[in-house]
Protein chains: 2
Amino acid sequence: MGRIGSLTSRAGAHLALSFLALSAVGVRADPLPSWNQGPARQAIVAFVEAVTKPGGPDFVPPAERIAVFDNDGTLWSEQPMYVQLAFALDRVKALAPQHPEWREREPFASALRGDPAGVAATGEHGLLELLMETHAGNTSEEFARIVEDWLASATHPKLGRPYTACVYQPMLELLAYLRESGFKTFIVSGGGIEFMRPFTERVYGVPPEQVIGSSIQTRYELRDGRPVIVRLPAVDFVDDEAGKPVGIHKFIGRRPLAAFGNSDGDFEMLEWTTSGPGRRLAVLLHHDDAEREVAYDRKSVIGKLDRGLDEAPGRGWSLVSMKRDWKSVFPSR
Amino acid sequence: MGRIGSLTSRAGAHLALSFLALSAVGVRADPLPSWNQGPARQAIVAFVEAVTKPGGPDFVPPAERIAVFDNDGTLWSEQPMYVQLAFALDRVKALAPQHPEWREREPFASALRGDPAGVAATGEHGLLELLMETHAGNTSEEFARIVEDWLASATHPKLGRPYTACVYQPMLELLAYLRESGFKTFIVSGGGIEFMRPFTERVYGVPPEQVIGSSIQTRYELRDGRPVIVRLPAVDFVDDEAGKPVGIHKFIGRRPLAAFGNSDGDFEMLEWTTSGPGRRLAVLLHHDDAEREVAYDRKSVIGKLDRGLDEAPGRGWSLVSMKRDWKSVFPSR
């Protein structure tokens, strides 16, 4: 390419790029179309603009832009029961033919009768037994396939749609908005890490290596000369309450800039996030929309939000009202 | 901008971008300047070109391009002793004034006499005690600062340079080459995760959330109302041998495409990596360069490479000879 041609095209490229940049700023579509104007949306946008503004007093380099999201009740519906519990109850039914003794043994008998209250009545010990029997024994690859198959066929008992369509549209937009703003988005959930990883990339755009959750122990072994990871019936890590900052520290190794939750199980995660230096963001989703989803907080067994409601204002944490702040709740089908 | 101006600049931009693309392909600098031509370099480059070629039979989407690297002996020197052990011995000296009883108690007495062999003679139990006493008790932030301060002042006993300058120049190039080719690079080390994270981003370009290692347990608590992560004197996870695929599965949740190690402690990691479907790469660095570093393999206490040497050819794993394959070993100062 000759000198003049090269100069011309360089000038042209410059003009074209300026034009593209202008249109990117000027006519950029609203990144949060399902969020009403209000203090919650305002707090989120003001935070993102502050930490991404080059040269600004709150600027944070992209490598340190870590945002963590609880899953159950924050990214998808957790009522009337955790999705993973629905999965476990269905697994009991699927495995029952190999376990005739379950018809007489709790919590399996209640699960087989379709009686979640009876299962719950067996307490923590019963629930743990249920989880171990339905979640261990397979290889990691077999378990991922079981989860995928179940998610492809099961539907939410009230919403009547696949569980992966019971995710919150405004939160999908928020995840994408943060990623476009240079954030790495992580899930930090009390739910099982291997229960989430099969769908988080497709549904939330969060790759498996950015999913933190509760786990059972695993062992590497050779089966017929082929290496497998076997899932063992023993708890490895409980990623809830004070376990969340521990999990964040273990998996990420730095303190998040922003944290999103919906229950007191997320309290320590938000506390840890906002106790770091510089500008931080903590958001609690308040389920106050009986019409479009479920209204629950202080008295709920699942997703109890009590201390968080009391302390959020004093700590500068934002409360999102599902009812007032969200134009729509679930993705249109 | 008028229609004609816009068209002109668009055409100009197109030409300019084509030109840039051509120069990127045509005159791109060698990404591995410290690697001699030879089968090891050839295997690496052929693998990268195959999995990144759009439409090719071995193409892998960027999200699945995971490469894992052992640290000790693979990315930096592990002789005459693991860097972390040198750190622990120095910590014993620093903490000795608060522990007068150590002068009579092994393995501390040997450590204080500057007798690593005496420390080693106390066996696994002694080493574990040494690690716990020197690595636990602080908060995570205090420990990170202690590591940073030590790395800033300590020097390698034989090479006479800071430990972070005892990294292998050809491996730094390889890490960068893989990242430029769309790979996410992870460290998967038997060393302590919190010992590595303070320097991996600066030295290797690997952010803390992509570092997997052995760990001790931690606890979240409030100290004077301020949340901290406290390091406890109890083993959480040992990321070595069969622990490496377990750690990879726990932290990453998908099987790597490429794995790099140097000892039999990396065997299972390479085995797990190469047993996945599609094209894979496994590389073992053979320390055969007594002149520029150290020559050791089958009989070495640290970084023993025996089974790997025997089985690499049959398994299609590449052996890198430090002596023949590397033009230089350490970064020039």
Side-chain angles (χ1 to χ4, degrees), chain A residues 1 5-6 8-20 63-64 66 140-141 144 184 186 193-194 196-197 200-201 207-212 215 217-222 225-229 236-237 241-246 248-255 268 271-272 274-276, chain B residues 1 5-6 8-20 22 63-64 66 140-141 144 184 186 193-194 196-197 200-201 207-212 215 217-222 225-229 236-237 241-246 248-255 268 271-272 274-275:
Chain A
M1 194 180 280
S6 163
T8 310
S9 62
R10 241 191 280 154
H14 185 76
L15 279 172
L17 290 174
S18 309
F19 181 69
L20 287 171
E64 291 166 31
I66 303 284
S140 57
E141 285 172 348
K184 243 185 185 175
F186 284 80
I193 193 166
E194 296 201 54
M196 296 183 284
R197 280 174 166 164
T200 55
E201 188 157 35
E209 64 269 24
Q210 287 162 223
V211 176
I212 304 169
S215 54
Q217 293 176 27
T218 64
R219 184 178 58 224
Y220 179 78
E221 62 177 54
L222 297 183
R226 201 182 138 254
V228 290
I229 306 271
D236 175 47
F237 180 62
E241 302 182 342
K244 289 205 173 193
V246 168
I248 287 169
H249 182 66
K250 184 201 295 241
F251 281 73
I252 307 180
R254 54 181 149 203
R255 205 189 301 234
E268 287 84 354
E271 182 181 56
W272 174 241
T274 52
S275 63
Chain B
M1 195 178 281
S6 163
T8 309
S9 63
R10 239 190 284 156
H14 184 76
L15 278 171
L17 290 174
S18 307
F19 182 70
L20 286 170
L22 272 174
E64 291 166 31
I66 304 284
S140 57
E141 286 171 349
K184 243 185 184 173
F186 286 78
I193 192 166
E194 297 201 52
M196 295 183 284
R197 280 175 166 164
T200 55
E201 189 158 33
E209 64 269 24
Q210 286 163 222
V211 177
I212 304 170
S215 54
Q217 292 177 25
T218 65
R219 185 178 58 222
Y220 179 78
E221 64 178 51
L222 297 182
R226 201 181 138 256
V228 290
I229 307 268
D236 175 46
F237 179 62
E241 302 183 343
K244 290 206 172 192
V246 167
I248 288 168
H249 182 66
K250 183 200 296 239
F251 281 74
I252 308 180
R254 50 182 150 203
R255 204 188 300 233
E268 287 84 354
E271 180 182 57
W272 175 240
T274 51
S275 63

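Worth knowing before you read on, the calculation uses all heavy atoms, side chains too, and leaves out hydrogens, waters and symmetry mates. All of these numbers come straight from a predicted model, not from anything done at the bench. Just so it is clear: chains get the letters A, B, ... in the order the sequence lines come, proteins before strands, and each one is counted from 1.
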Report task. Can you see which heavy atom on B:V246 is nearest to which on A:T218, and at what distance? Result -> CG1-OG1, 3.4 Å
Query raised in the report: Rounded to the nearest 0.5 Å, what separation is found between the OG atom of B:S140 and the CZ atom of A:R255?
Result: 7.5 Å
Requested in this report: Verify side chain to side chain contact (heavy atoms under 4.5 Å, CB included) between A:E194 and B:H249, making sure each step is shown before the conclusion.
Outcome: CA-CA 10 Å; A:E194 296 201 54; B:H249 182 66; 2.9 Å; yes
Requested in this report: Let me know if B:E221 has heavy atoms under 4.5 Å from chain A in its side chain, its backbone, both or neither.
Outcome: neither
Query raised in the report: Listed by chain and number, what are the ring-ring contact (aromatic ring centres under 6.0 Å, His included) partners of A:F186, not counting sequence neighbours?
Result: none
Query - Under 4.5 Å from a heavy atom of chain A, the part of B:E141 involved - result: side chain
Report task. Check each atom of B:V211 against the heavy atoms of chain A and say whether the ones under 4.5 Å are side chain, backbone, both or neither. Result -> neither
Query - chain B contacts, top residue of A:R254, A:Q210, A:E241, A:Q217 (heavy-atom pairs, under 4.5 Å) - result: A:R254
**Report entry** Leading residue by heavy atom contact count with chain A [cutoff under 4.5 Å; candidates B:A63, B:A242, B:P208, B:P207]
**Finding:** B:P208
Query - Engaged part of B:S215 at the chain A interface, taking heavy atoms whose separation is under 4.5 Å - result: neither
**Report entry** 4.5 Å side-chain heavy-atom contact, B:F237 and A:D236
**Finding:** no
Report summary line: When every non-hydrogen atom of A:S275 is compared with those of B:P227, the smallest separation belongs to OG-CG, 3.4 Å
Report summary line: Heavy atoms of A:K184 and B:E209 approach each other most closely as NZ-OE2, 2.9 Å
**Report entry** 4.5 Å side-chain heavy-atom contact, A:E271 and B:Y220
**Finding:** yes
Query - Contact origin within B:I252 toward chain A - heavy atom pairs under 4.5 Å - result: both
Requested in this report: Report the option among B:K244, B:R226, B:R197 that has the most heavy-atom pairs separated by less than 4.5 Å from atoms of chain A.
Outcome: B:R197
Query raised in the report: Considering only heavy atoms, which portion of B:I66 lies under 4.5 Å from any heavy atom of chain A: side chain, backbone, both, or neither?
Result: side chain
